Amino acid sequence: MENNVNLSEVGGSGRDGRVLKEDILHYLSRQTGAIIPPSSPSPPLSPPPSPSSTPSSPQSSSPPPPPVVQRFTEDRSVVIKGVQKVMSRTMSASLLVPHFGYSDEVDLSRLVSLRRRLQTHAETRGVKLSYMPFFLKALSLALYEFPILNAHLDDRCESLTYKASHDIGVAMDTPGGLVVPVLRGIERLPLLAIAAELSRLQSRGRAGALGAAELSGGTFTLSNVGSIGGTYTHPVILTPEVAIGALGKIQVLPRFNERGEVVAAHIMKVSWSADHRVLDGATVSRFSNLWKSLLEEPASMILHLA
Ligand code: CAO
């Protein structure tokens, strides 16, 4: 009340999602870029965020405020907690998995022009259509043919569970750090519904309001770090899942067409990591080829419309 904070926008890290004082302090620090000293018994609360700085809707077009650069004049220790704590725990568990890496490049030229054409249709329905819904739909179609990549492996590597639903975790860069909300039942959703759900989760992610139920139970993870930059990467599997994909930046690069002419092509690199205890390289390569072919000829996805 003191800071005019809407509690529904604050992710609770306490038991059963309870909002703790720390959550409020972190929420306020994210709004202002301030760092809250961990040991301070009652740190001064930052001023409340102005209503205009709070994302109001997924379609909000106002650019995010520029990050406040902190210049440290002396060493300062902060406690690893919240999103960072979860990241440290899950990534340490992933170290036990023998990762097999596989990369390729995808020519998205046809998809780029298709998306451009479909964007206005989506906008008239109030939905922002990015590339992610296409990547996710193609992923689901490829998982149908390679269900072993949509599976959970138990800790002792004794039981592999093929998951029926394609519940895809999407790595998301938020003001609070990396979170991986899950889009459930992608196999049943049309592109527009995937786009709308992604926008909803992005909006909740920005507000730090994603709950435990939205952040757990994924069966495969896709990370589009290319929306920020980079080409190839080495993604880390989120156990008990057995594979993950990471996408690089779409770049216009010279490539040969089928007539041997040099053309400007929209190229994106993809990097997969797979648990080599249950997945071999040939399977990952065939899966990647299928995913790539669907995106290089996106019209072919129409054949799979339910
Ligand atoms: N290459 C180039 N541009 C890309 C791109 C890519 N691979 N992916 C997206 N873009 C473009 C989008 O088209 C959009 O531009 P327009 O508004 O002109 O269409 C712009 O980048 C921003 O996209 P977006 O981020 O709003 O939406 P998205 O659906 O493409 O991505 C999400 C959603 C959640 C994946 C993304 O916002 C994000 O957080 N990415 C970072 C993931 C991350 O941090 N991974 C690392 C995990 S390991 O630490």
Side-chain angles (χ1 to χ4, degrees), residues 55 57-64 67 83-84 86-92 94-95 99 101 103-109 111-123 127-139 168-183 186 189 191-208 210 214-215 218 220-238 241 243-253 265-273 291-292 295 298:
S57 77
Q59 283 77 41
S60 168
S61 58
S62 58
V83 169
Q84 260 185 328
V86 176
M87 185 164 76
S88 83
R89 215 181 303 128
T90 49
M91 293 298 98
S92 300
S94 302
L95 274 180
H99 281 60
S103 298
D104 201 355
E105 68 171 41
V106 190
D107 185 344
L108 294 180
S109 303
L111 179 65
V112 168
S113 68
L114 175 68
R115 184 186 80 120
R116 213 173 279 141
R117 277 183 281 144
L118 295 181
Q119 247 172 338
T120 34
H121 294 283
E123 272 160 23
V127 178
K128 183 192 163 197
L129 188 62
S130 68
Y131 294 106
M132 274 306 269
F134 297 94
F135 299 151
L136 289 163
K137 198 68 203 175
L139 176 67
I168 312 299
V170 172
M172 200 171 272
D173 176 48
T174 73
L178 169 71
V179 290
V180 189
V182 177
L183 282 91
I186 290 271
L189 298 181
L191 280 173
L192 272 183
I194 297 174
E197 177 63 355
L198 183 61
S199 290
R200 187 186 72 82
L201 292 171
Q202 264 182 296
S203 174
R204 285 176 62 75
R206 273 194 296 267
L210 288 164
E214 290 160 304
L215 295 167
F220 190 105
T221 299
L222 199 61
S223 169
N224 182 9
V225 74
S227 61
I228 303 171
T231 50
Y232 290 110
T233 167
H234 175 69
V236 180
I237 297 165
L238 280 179
E241 296 168 27
I244 181 171
L247 313 172
K249 187 180 173 63
I250 304 166
Q251 295 169 295
V252 180
L253 295 170
H266 289 82
I267 301 295
M268 183 184 73
K269 320 285 193 223
V270 58
S271 304
W272 308 103
S273 287
W291 181 79
K292 172 179 154 131
L295 293 170

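Order of appearance sets the numbers: ligands from 1, and atoms from 1 within every ligand. Computed from a predicted structure; not experimentally measured.
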query: Does some side-chain heavy atom of Asn224 sit less than 4.5 Å from a side-chain heavy atom of Val170?
result: no

field: Non-hydrogen side-chain atoms of Asp107 and Met268 separated by less than 4.5 Å
entry: no

- prompt: Does any non-hydrogen side-chain atom of Gln251 lie less than 4.5 Å from one of Thr231?
  reply: yes

Flag side-chain contact, heavy atom, 4.5 Å: Ser273 against His234: yes

task: Compile the protein residues with any heavy atom at a distance under 4.0 Å from an atom of ligand 1; present them by chain, then by number.
output: Arg115, Lys128, Ser130, Tyr131, Met132, Val170, Ala171, Met172, Asp173, Leu178, Leu198, Gln202, Ser223, Asn224, Val225, Gly226, Ser227, Ile228, Gly248, Lys249, Ile250

field: Side chain proximity check, Val270 to Trp291, heavy atoms < 4.5 angstrom
entry: yes

- prompt: Do Val106 and Phe135 have side chains that get closer than 4.5 Å, going by heavy atoms?
  reply: no

